[in-house]
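First listed ligand is number 1; within each ligand, the first listed atom is number 1. The basis for the numbers below is simple: all heavy atoms, side chains too, and nothing from hydrogens, waters or symmetry mates.
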Amino acid sequence: MQKTTTKLADGRELIYFDAAEGPTDRSSIDLRPLEATTALSEVRRDPVTGDHVTVAAHRQGRTYHPPADECPLCPSRDGRSSEIPASDYEVVVFENRFPSLALGAAAEVEPDATPLRELAAGVGRCEVVCFTAEHQASFADLSEGRARLVLDAWTDRTAELSALPGVEQVYCFENRGAEIGVTLAHSHGQIYAFPFVTPRTVKMTARAEEHRAATGRNLSEDLLAAELADPVRVVLRGEHWTAFVPFAARWPYEVHLYPNRRVADLTGLTEPERAEFPGIYLELLRRFDRLFDGAAPTPYIAAWHQAPARHRTELALHLELFTIRRTVGKLKFLAGVESGMDAFINDVSPESAARRLREVAT
Ligand SMILES: [Zn+2]
């Protein structure tokens, strides 16, 4: 893999990841007259739940459903300049122009430790990951080689962002489909470097610590062993990875993909584990697209869970992939019970979801 770091016109970093070793010309310059944006993000702590909430009121002017010929994620071609100055690319990562979190927020926001009014600058970084220069292609259309290059880019970003001052957790994810709220049709993912541990990870860490205290063992290792011992919810098994529908799945179709050997984050994967990942993950995404006969591509969220900087002993790297589609033409909305109380009601049994995900194997 070859990595070339450059700057956009407003000073944001843009990084090309190329699979080929050897010279690749990545010297194209961003010719747009862009002014640097100011990030006024704040992170407030909810005094009632303890959860952190990011307030990023400067983002209202961000790009919203642009037409295809104004796509900011296509390469710069035919006299039109996009976010990517090169006329072609493999995988590109760049700083979001409208970030929820930014290192510059430290200079703009005054921290406050007043009881019940805990507030800090939204220090962190938000990056966009472009998987392909093809406007129409989705992740499931990528070759194994390209998916591997994306994995290498995620890993590189995890290592680099984890080392930034104040960053507590690095989160790589993909939102796919307008139903999820995606505002750019060109397939892409995002990476958030949070200055706090996210609420879901706080909960998961507490559960893992309780399990360790009660049993002396690691929760993720016990969980994976239990799913494999009675594989009714196992969807796909490789030499190094296992995918299963969780026992208490929240979403109609939800799959968790774990490396068989527990590691804290993407940087801990060995070469054989990295080599097997693309085939397994692409197969899962293609099965998701075959779940609903004749329907438009399945909207999904793919979320990498990585151990935060300060809780590396118990949490295991894994990917959670889920769709909000229940059946053709019907979405699962987060309404009163879920949004009001965080109490999920799932209309599809996890065991039948797993059966269906095995049926639609390639
Ligand atoms: Zn595009």
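Ion pairing of R26 with D18 is present here, as a side-chain N (NZ or NE/NH1/NH2) and a carboxylate O approach within less than 4.0 Å. Under a 4.0 Å N-O distance rule, the pair R12/E83 qualifies as a salt bridge. Under the 4.0 Å criterion applied to side-chain N and carboxylate O atoms, K203 and D51 are not assigned as salt-bridge partners.
Under the 6.0 Å distance and 45° angle rule, R356 does not count as a cation-pi partner of Y253.
Protein N/O/S atoms found under 2.8 Å from the Zn ion (ligand 1): C71 SG, C74 SG, H135 ND1, H186 ND1.
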Chi angles and distances behind the side-chain hydrogen bond (donor to acceptor under 3.5 Å, both in side chains) call for E320, H318 | CA-CA 7 Å; E320 299 190 359; H318 68 281; 2.7 Å; yes
Run the side-chain donor-acceptor check on residues 128-135: report pairs under 3.5 Å with partners two or more places apart or on a different chain.
residue	atom	partner	partner atom	Å
T132	OG1	E134	N	3.0
H135	ND1	H186	ND1	3.4

